[in-house]
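Hydrogens, waters and symmetry mates play no part in the numbers below; they use all other heavy atoms, side chains included.
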Amino acid sequence: MQKLRWRGVAAAALVVGIAFTGLAIAPNQAEAGELAILTWEGYADSAITQKFEDETGCVISRTYVGSNDEFPAKLAAGSSIYDAVSPSVDTTGILAKMGVVEPIAIEMLTHWDDIYEGFQTHPSVTGGEGWMPPEGTVWAAPYSWGSIAWMYRSDKFDTPPDSIEIFWDPAYKGKLSIWDDKTNIYAVARYLFGRDTNVYDLSDEQLAQVRDKLIEAKPQMRKYWATAGELVNLFANGEVIFSNTWGGYQSALLIEQGIPMVEFLPKEKADGWQDAWQIVKGTPNMECAKKFVTYMESPHAQCQMSLTMGYSMANATAAKECLTPEMYETLHQGDWTYIKDLDFWQEPIRVDKMVETWNAVKAAQ
Amino acid sequence: MNHLQRRQLGFAALMSGPIVWWGLVLLVPYAIMFMISFYSRQFPFHVPDFQFGNYWKIIVEDQYYMVLMRSLKISLFVSLAAFALAYPLTYYLAFKVRSHRVRMIIYVATIIPLWVSYLLRAYTWKTILGTEGILNSFLMWTGIINEPISLFLYNQFAMVITMAYIFTPYMVMPLFASLEKIPRNLIEASKDLGIGRLGTFWRITLPLSVPGILAGFTFTFCLSFGDFISPQLVGGPYSNMISNVVATQFGIAMNWPMGSALSMVVLFIVVAIITMSDRFERAGRLDLG
């Protein structure tokens with residue numbers, strides 16, 4: 001009798017416990033007709049997505065990332081929370097290999113034929129050995145592209161910088177900033193080993209050299225910036241005068257505030273990036289997600305994205321239609337000499353080692 | 001059902017909630033974390049395993065050691081700063097303020113920041129300490145400096161200031177409780193016996209407030225040791241703390257085994273500190289009758 005009662009109490013308690021856990025989880029789960037997207041600041045600005053929401057009735061909720069490494073991390077922690085994501089092409093493949101994204105039928109992407117061919121055939125879109133999507137599908141829908149440019153306050157430099165050399169110039173002690181991201185390794189690797197180095201496949205010895213060089217630059221660093229907003233504030237509040245940037249975006253926000261900013265590509269060559277939309281596997285909002293990914297490649301969304309964010313677009317036809325000739329040139333749409341001079345991100349061979357190296361830099365005294 | 005059985009049932013019903021809660025949100029997660037700390041990282045995620053590589057890495061790679069040492073150092077400074085601020089204040093409150101009302105007003109005013117969001121309070125320090133912030137503007141207005149000083153923000157100094165401000169109430173509360181409890185007749189007796197103010201403080205008040213000091217230090221130290229917001233907001237390139245590294249392992253590095261192993265080390269350090277403080281407290285406990 002005694003035993004039975006204990007069991008009853010235990011069972012009741014367990015039910016209560018499970019119910020509580022369920023309650024705690026429930027509000028996070030995406031609901032039908034809603035579209036939870038994990039993306040970069042500004043990517044799903046209402047200027048870009050309002051038309052979509054009006055037309056489809058899908059209501060968008062947004063979560064922002066500060067670096068590409070957050071996409072795998074957030075999806076691994078619970079992929080049911082998000083419906084669509086927009087990583088760069090160095091990360092789309094990682095998500096495909098993790099099995100957290102759905103292949104997208106090309107047939108469904110009504111604007112596919114207008115996308116630059118170079119983006120259509122990128123291995124991070126079409127897949128590779130061991131992680132090819134089914135026939136007629138791709139892993140990601142190309143959206144935007146640009147450079148990881150460098151920018152500085154033109155009122156603080158007598159001679160305009162043309163290199164990242166000033167990282168190691170004590171005259172700039174505490175006046176510089178860089179992105180809190182593993183891609184700093186690429187910039188310094190090109191500085192050390194030449195502009196055509198394959199920075200996505202560095203040896204242990206090379207990584208150690210890059211690490212030491214980045215540690216050597218620490219006295220000049222005021223802060224490692226984590227979000228676009230943080231970098232804008234650092235410049236606006238007079239904390240820093242030089243940093244890397246998501247080409248075209250933060251500098252425009254600062255110029256709007258009356259701060260004289262100049263962007264440039266260093267002589268060591270700059271990173272190029274492409275972002276693409278992916279649909280999270282098993283999302284309960286598949287219909288909205290599919291419509292959304294298709295919509296984001298439409299001329300309307302593409303043009304709004306370029307106009308509000310200052311990034312170049314993946315849809316070649318749309319670029320010709322809506323951009324003024326000056327903007328078309330500023331955004332380097334279809335400018336293959338420019339594009340070829342950017343070192344476009346690829347999935348690093350040993351992404352763990354890259355992250356570890358960057359962490360060692362941050363840990364150093 | 002007899003009386004005893006009914007009481008047992010009542011007790012079981014009452015305790016089942018807390019026990020399930022304790023089990024589900026504390027014990028089970030700790031067990032899972034302990035288990036994962038032996039797994040191996042394998043791109044893109046990890047695989048079940050039983051190996052000590054993660055712990056070995058923490059020992060041999062100096063990046064973890066450096067961050068641990070930095071976290072301990074900063075927590076110590078925060079605790080000392082909080083103590084230096086809180087002790088005179090609580091002493092004044094407990095012994096010098098005669099009006100109960102005034103005492104309560106000052107006490108509540110001291111701990112009321114706890115009701116304000118942590119993030120907001122940390123952000124406030126950014127606007128105070130920044131290059132074009134309130135402190136620099138004030139110093140330039142008074143003519144003390146001509147150029148703004150950049151040394152106030154984005155470094156360990158800013159972190160210690162911010163955390164000391166945020167965690168001082170946790171020092172004030174236990175200190176106030178222990179100082180208030182000291183029987184006044186002991187102090188009077190000491191004075192009657194011809195011991196001066198300083199002597200009385202040194203031989204009566206301070207020893208009797210040791211439990212409060214220990215509790216305050218334990219609180220502030222452990223809270224600062226686990227903090228990862230202030231390094232992000234007001235810290236600079238040399239400010240990474242152990243909790244930032246743990247967060248990175250579960251975030252961008254996607255190395256849950258390593259993150260779990262680091263968490264176990266942090267847990268061990270915190271438990272060691274609490275145990276030590278408990279020991280000291282017991283050893284120094286006096287029976288006041």
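- With chain B as partner, the option from A:Met221, A:Arg350, A:Glu70 having the largest number of non-hydrogen pairs under 4.5 angstrom is A:Met221.
- With a 4.5 angstrom heavy-atom cutoff, A:Ala236 touches chain B only via backbone atoms.
- Looking only at heavy-atom pairs under 4.5 Å with chain A, the residue among B:Tyr64, B:Phe45, B:Trp256, B:Tyr238 that has the most is B:Tyr238.
- The CG atom of B:Asn240 sits 9.0 Å away from atom OH of A:Tyr224, with the distance rounded to the nearest 0.5 Å.
- Across B:Gln63 and A:Glu356, no two heavy atoms sit closer than the pair NE2-O, 3.5 Å.
- With a threshold of 4.5 angstrom between heavy atoms, B:Pro231 approaches chain A through N, CA, C or O but not through any side-chain atom.
- Nearest heavy atom pair, residue A:Glu239 against residue B:Leu153, reads OE2-CD2, 3.9 Å.
- Interface remark: B:Leu68 contributes no atoms to any contact with chain A (heavy atom separation under 4.5 Å).
- Taking chain B as the reference chain and counting heavy-atom pairs below 4.5 Å, the highest number among A:Asn68, A:Val65, A:Ile94 is found for A:Ile94.
- Residue A:Ala226 does not touch chain B at all, counting heavy-atom pairs closer than 4.5 Å.
- Taking every heavy atom of both residues into account, B:Ala253 and A:Asp352 meet most closely at O-OD1, 4.2 Å.
- Of the atoms belonging to A:Leu214, not a single heavy atom falls under 4.5 Å from chain B.
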Legend entry - B:Tyr154 and A:Leu234: CA distance, side-chain angles, deciding distance, side-chain contact (heavy atoms from CB on, under 4.5 Å) verdict: CA-CA 11 Å; B:Tyr154 299 129; A:Leu234 283 170; 3.4 Å; yes

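- Looking at heavy atoms from C-beta onward, B:Met254 lies out of side-chain contact with A:Asp69 at the 4.5 angstrom threshold.
- The heavy-atom pair separating A:Asn237 from B:Thr131 by the smallest distance is O-CB, 4.3 Å.
- Counting heavy-atom pairs under 4.5 Å between each of A:Met98, A:Gln365, A:Lys97, A:Lys362 and chain B puts A:Gln365 at the top.
- Within a 6.0 Å sphere centred on CH2 of B:Trp56, other residues, nucleotides and ligands contribute 12 heavy atoms or fewer.
- Side-chain atoms of A:Glu230 and B:Gln232, non-hydrogen and from C-beta on, never get closer than 4.5 Å to each other.
- With a 6.0 Å radius and a threshold of 12 heavy atoms from other residues, nucleotides or ligands, B:Tyr55 has its OH atom above the threshold.
- Heavy-atom neighbours of B:Lys73 NZ from other residues, nucleotides or ligands within 6.0 Å: above the threshold of 12.
- Crowding of B:Trp22 atom CH2: a count of heavy atoms from other residues, nucleotides or ligands under 6.0 Å not exceeding 12.
- More than 12 heavy atoms of other residues, nucleotides or ligands sit less than 6.0 Å from atom CZ of B:Phe250.
- Considering OG of B:Ser150 and NZ of A:Lys175, their distance stands at 6.0 Å, rounded to 0.5 Å.
- Formation of a donor-acceptor pair under 3.5 Å by the A:Arg222 side chain with backbone atoms of B:Pro237 is not found in this model.
- Here A:Asn359 is the residue among A:Ile178, A:Val355, A:Asp180, A:Asn359 with the most heavy-atom pairs under 4.5 Å with chain B.
- Here the shortest heavy-atom pairing between A:Ala73 and B:Gly251 reads CB-O, 2.9 Å.
- Looking at B:Met66, the atoms closer than 4.5 Å to chain A (heavy atoms on both sides) sit in the backbone and in the side chain alike.
- What you find for A:Lys223 and B:Leu233 is that their closest heavy atoms are CE-O, 4.0 Å.
- Under a cut-off of 6.0 angstrom, the local environment of CZ in B:Phe219 is sparse, with at most 12 non-hydrogen atoms contributed by other residues, nucleotides or ligands.
- Counting heavy atoms of neighbouring residues, nucleotides and ligands inside a 6.0 Å radius, atom CD of B:Glu147 does not exceed 12 of them.
- Counting non-hydrogen atoms of other residues, nucleotides and ligands closer than 6.0 Å to OH of B:Tyr65 gives a total of 12 or fewer.
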